Visitor: 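Before I ask anything, here is the structure I am working with.
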Amino acid sequence: MAQIKNRLTPFFENITFDRDDNELVLNFGPQHPSAHGQLRLMLHLQQEQIVKAHPDVGYLHRGMEKMAENMIYNEFMPTTDRMDYIASSSNNYGFALAVEKLVGLEVPRRAQVIRMMLLEINRLMSHLFWLATTALDVGAMTVFLYAFREREYLMDIIEGYCGARLTHSAIRIGGVPLDIQDTFIAQLKDFLDKFPQAIKDYEDLLDKNRIWLMRMEEVGVISTEMALSWGCTGPMLRASGVAWDIRKEEPYELYDEVEFSVPFSDKGDNYARYRVYMQEMRESAKILYQTIDMYKKTQINNQTELMAHAPKYISAPKLDIMTQNYSLMQHFVLVTQGMRPPVGEVYIATESPKGELGYFINSQGGAYPYRLKMRAPSFWHTGILTDLLPGHYIPDVVSIIGTTNIVFGEVDR
Amino acid sequence: MRAYKGKGDVQAKPYYTDRYWVAPRVPKFDVESDEVFSKDLEVIKSKFDVLEAFIQVEQMTVFINPDDNYKVLQLLKDELDYTQLSEMSAIDFIETRDGFEIFYQMLSMNKRKRIRIKMFIKNGAAINSVEKLFRSADWSEREVFDMFGIEANGHPFMKRILMPYDWQGYPLLKTYPLQGDEFAAWYEVDKIYGKEAREEIGPEIRDTATVDRYDSDRFARLGYEVPIGVKITGNEPKNTQNYQEEGGVFLIRKLDKDSSKVIDDPQR
Amino acid sequence: MAQHKINYTQNGGLPVALTSMDKVVNWGRSNSLWAMTYGLACCGIEMMAAGASRYDFDRFGTIFRASPRQSDVMIVAGTLTKKHSEFIKRLYDQMTEPRWVISMGSCANTGGMFNTYATVQGVDRIIPVDLYLPGCAPRPETLQYGVMLLQKKIRANKASRAQKPKRLM
């Protein structure tokens with residue numbers, strides 16, 4: 001059958017025979033099952049070995065920064081969900097924190113505890129997803145099925161809280177919209193009790209697996225200098241010998257009150273990153289146990305406030321809106337016109353599951369941000385492939401992309 | 001007559017403005033109030049012109065001359081221990097000041113401090129690439145070029161990064177509308193089918209409030225759908241959703257909802 | 001020797017079934033819908049979840065294939081940007097007839113919340129779509145329901161006669 005007519009000419013010639021250096025150019029993506037989205041790599045090959053790699057991104061560029069300039073602050077919150085869509089709440093949180101710092105808001109304690117719970121659940125979801133997809137790329141289908149099973153339990157908890165599985169919008173500027181549901185703690189405890197066994201299952205499957213070791217050890221070694229120079233953060237940096245975790249070093253929320261350690265390694269290869277991710281899951285579980293206790297303490301102390309009190313910027317609680325005229329008026333103005341933060345600039349970094357997630361906001365005193373720049377960790381974790389891939393062989397490409405844990409909503413924004 | 005609207009900034013504007021509104025400011029503090037920052041600033045000041053420096057939201061902002069950017073960043077990296085360039089980008093001030101503000105967001109892990117180096121460049125000017133110092137600037141500068149059209153001198157591969165290579169216009173300029181210009185509107189049609197297909201495929205529906213009223217009332221009637229053209233009486237029979245045809249499917253057992261077991265506990 | 005009583009004239013009375021060619025072909029087509037892994041954005045994650053342990057797509061005969069040449073249905077899961085638009089056309093052309101397209105999620109249906117310069121306002125501007133799934137992102141159940149509806153659609157068509165290829169223009 002004849003093809004449907006179009007204007008597209010043959011676009012990428014895979015093989016150039018008439019070059020005398022015997023170099024082959026391989027096009028990888030943008031639709032490739034193990035490219036974790038829409039990554040396109042142009043690889044120059046000498047036999048099986050990569051001599052030059054050229055990552056091409058932007059296939060998921062949706063113009064979020066432009067959208068931010070055309071939206072009031074609260075309106076932009078759902079858009080941040082779609083950035084790192086594996087762990088939406090951490091994006092919501094980064095944006096909310098940046099605006100709170102710009103405005104100077106104090107978030108009530110119970111809201112802080114709930115935020116921490118959501119952030120850590122999101123971290124677990126993201127890490128489980130990372131484990132599932134990377135293992136699948138490397139060939140371990142079993143781990144994919146197992147890790148998705150645990151992720152679904154967490155999805156249930158989150159869904160019970162905010163109603164969505166993937167795009168949560170669970171955090172508002174100034175606090176959280178809702179208290180956690182009655183079953184939240186029980187479900188979370190139930191999960192956390194089962195979780196150590198689950199991690200052990202994954203490790204039993206992978207740790208001494210010959211194929212896994214062959215494809216992970218001594219592959220994709222990132223030196224400390226390279227990681228710093230490329231702006232790597234999060235597990236990528238920690239696996240390269242720098243124990244830098246923003247939760248620990250520049251604590252936000254109540255992270256200075258919880259006890260956890262920062263796993264790191266100085267190997268810098270794929271296997272080190274895998275180990276860091278696995279350890280981080282354990283640490284997150286530890287934090288979650290502590291947040292449950294903190295939440296119970298807020299119940300005892302009767303700290304029920306969920307949103308900051310700042311009539312100029314934040315709507316009053318629902319009860320006040322429904323009963324008091326002034327609150328209703330103020331809510332109406334805030335919803336239709338939006339808050340107007342003071343003139344100034346702010347850059348706030350938070351530790352998202354992938355690394356340092358920063359929001360830079362330049363406000364000119366209007367209801368719309370004048371410029372909003374999102375510093376997404378994956379952007380540089382993709383960039384590092386330019387320097388990292390040369391010298392490796394084709395099968396290593398997949399495992400290296402896997403362990404960088406890139407998400408294209410975040411790379412291209 | 002319609003009021004004149006400037007073309008310099010076509011971004012969304014609030015429909016209501018208060019003439020007497022004076023925007024508050026995020027407080028700025030003297031650099032002397034922080035020990036580490038004041039030492040750093042002295043080192044920078046001893047070698048380069050510093051136009052302005054202050055602390056805002058726990059971070060120091062330093063304005064420098066655009067020609068010094070490479071050397072200042074080198075100083076920060078080599079002597080002052082700011083080992084990471086977390087972010088760099090530009091802010092469009094063409095309408096008000098005919099230029100851009102470029103900012104470099106630096107991080108020192110040993111001091112646990114963040115500095116923002118800022119500089120103002122005229123519209124049309126290029127910046128010096130700092131790609132040799134920080135590899136992360138490689139992609140950042142490409143992004144700035146892609147979004148604002150600011151070129152970086154000495155960059156090895158100054159091409160668009162997020163938009164396609166054949167794209168026209170710089171999306172993050174304030175003069176560029178959110179929903180794109182005409183080139184953007186027809187980009188995929190022109191590229192795939194050619195210009196002559198424009199008429200057949202039709203323009204993009206950009207108005208999110210577009211509702212086909214003859215369609216929408218049937219859309220909302222889930223379970224009580226009415227074919228188009230038929231008058232809605234309000235007492236239509238319920239139209240149950242079927243996965244399978246009435247008469248059954250060849251070789252497949254028919255789903256019997258009464259005998260099937262519904263699992264209520266997702267954690268089973 | 002055991003005596004078997006088989007009603008040869010009834011469907012399900014295996015080992016022999018009497019039916020029309022149409023039904024056999026459609027039975028095969030609708031119950032082995034191999035989907036192309038085309039996760040573009042957020043919906044792609046829900047598509048993976050639909051294929052993973054809890055929702056288990058395999059029981060519908062739907063297996064994800066990495067190559068367009070081996071797949072029957074293209075699930076466009078996520079935002080299609082202008083930069084990518086060219087490739088969706090290429091991939092669609094590489095699929096063999098008969099082929100179907102499910103547009104999953106608001107972004108693929110209409111551009112959704114991304115009403116910006118960089119987003120294609122609906123994949124149906126580029127390739128013909130059979131089924132639109134609403135939601136941002138649609139739940140895996142929605143995708144499963146969509147696949148079942150597509151199966152119903154396939155069964156409703158005549159298989160024996162050569163089908164006219166769907167085309168946008």
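Numbers restart at 1 for each chain; the letters A, B, ... are given by sequence-line order, proteins then strands. Source: prediction; values computed, not measured.
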Visitor: Drop me the distance from C/M48's CE to A/T133's OG1, to the nearest 0.5 angstrom.
Guide: 5.5 Å
Visitor: Short question: side chain of C/T81, backbone of A/R62 - any donor-acceptor pair under 3.5 Å?
Guide: no
Visitor: Hey, does C/H84 have a side-chain heavy atom less than 4.5 Å from the side chain of A/P30?
Guide: yes
Visitor: Chain C contacts: which residues in residues 79-91 of chain A have a non-hydrogen atom closer than 4.5 Å to it?
Guide: A/T79, A/R82, A/Y85, A/I86
Visitor: Less than 4.5 Å to any heavy atom of chain A: does that hold for the side chain of C/M36, its backbone, both, or neither?
Guide: side chain
Visitor: Run the ring-centre check on A/H61 versus C/F114 and record whether the distance is less than 6.0 Å.
Guide: no
Visitor: What parts of residues 136-149 of chain A touch chain C if we use heavy atoms and a cut-off under 4.5 Å?
Guide: A/F144, A/L145, A/F148, A/R149
Visitor: Quick check for you: among C/A49, C/S85, C/G39, which has the greatest number of heavy-atom pairs under 4.5 Å with chain A?
Guide: C/A49
Visitor: Under 4.5 Å from any heavy atom of chain C, what part of A/E159 do you find: side chain, backbone, both or neither?
Guide: side chain
Visitor: Can you tell me if C/T37 uses its side chain to pair, donor with acceptor, with the backbone of A/H32 under 3.5 Å?
Guide: no
Visitor: For the OG1 atom of C/T116 and the CE atom of A/M67, what is their distance to the nearest 0.5 Å?
Guide: 6.5 Å
Visitor: Under 3.5 Å, is there a donor-acceptor pair between the side chain of C/K82 and the main chain of A/Y59?
Guide: no
Visitor: Measure the CE-CD distance between C/M113 and A/E75 for me, rounded to the nearest 0.5 Å.
Guide: 9.5 Å
Visitor: Considering only heavy atoms, give the residues of residues 399-413 of chain A separated from chain C by less than 4.5 Å, sorted numerically, with 'none' for an empty result.
Guide: none
Visitor: Of the listed residues (C/A41, C/A118, C/A137), which shares the most heavy-atom pairs with chain A below a 4.5 Å separation?
Guide: C/A41
Visitor: Counting only heavy atoms closer than 4.5 Å, note whether C/T119 contacts chain A via side chain, backbone, both or neither.
Guide: side chain
Visitor: What residues of residues 57-72 of chain C make heavy-atom contacts with chain A at a cutoff under 4.5 angstrom?
Guide: C/A66
Visitor: Using a cut-off of under 4.5 Å on heavy-atom pairs, state which of C/C107, C/G111, C/P140, C/C43 scores highest against chain A.
Guide: C/P140
Visitor: Please look at C/L80 and chain A and tell me whether the side chain, the backbone, both or neither of the residue comes under 4.5 angstrom of a heavy atom of that chain.
Guide: neither
Visitor: How long is the gap from CD on A/Q31 to CZ on C/R90, to the nearest 0.5 Å?
Guide: 13.5 Å
Visitor: For chain A, which of C/G44, C/C136, C/G51, C/G78 has the most heavy-atom pairs under 4.5 Å?
Guide: C/C136
Visitor: Take C/I45 and A/R165 through the test side-chain contact (heavy atoms from CB on, under 4.5 Å) and record every step on the way to the result.
Guide: CA-CA 10 Å; C/I45 309 300; A/R165 280 164 55 86; over 6 Å; no
Visitor: Looking only at atom types and distance, does a side-chain atom of A/Q38 sit under 3.5 Å from a main-chain N or O of C/L40, one as donor and one as acceptor?
Guide: yes
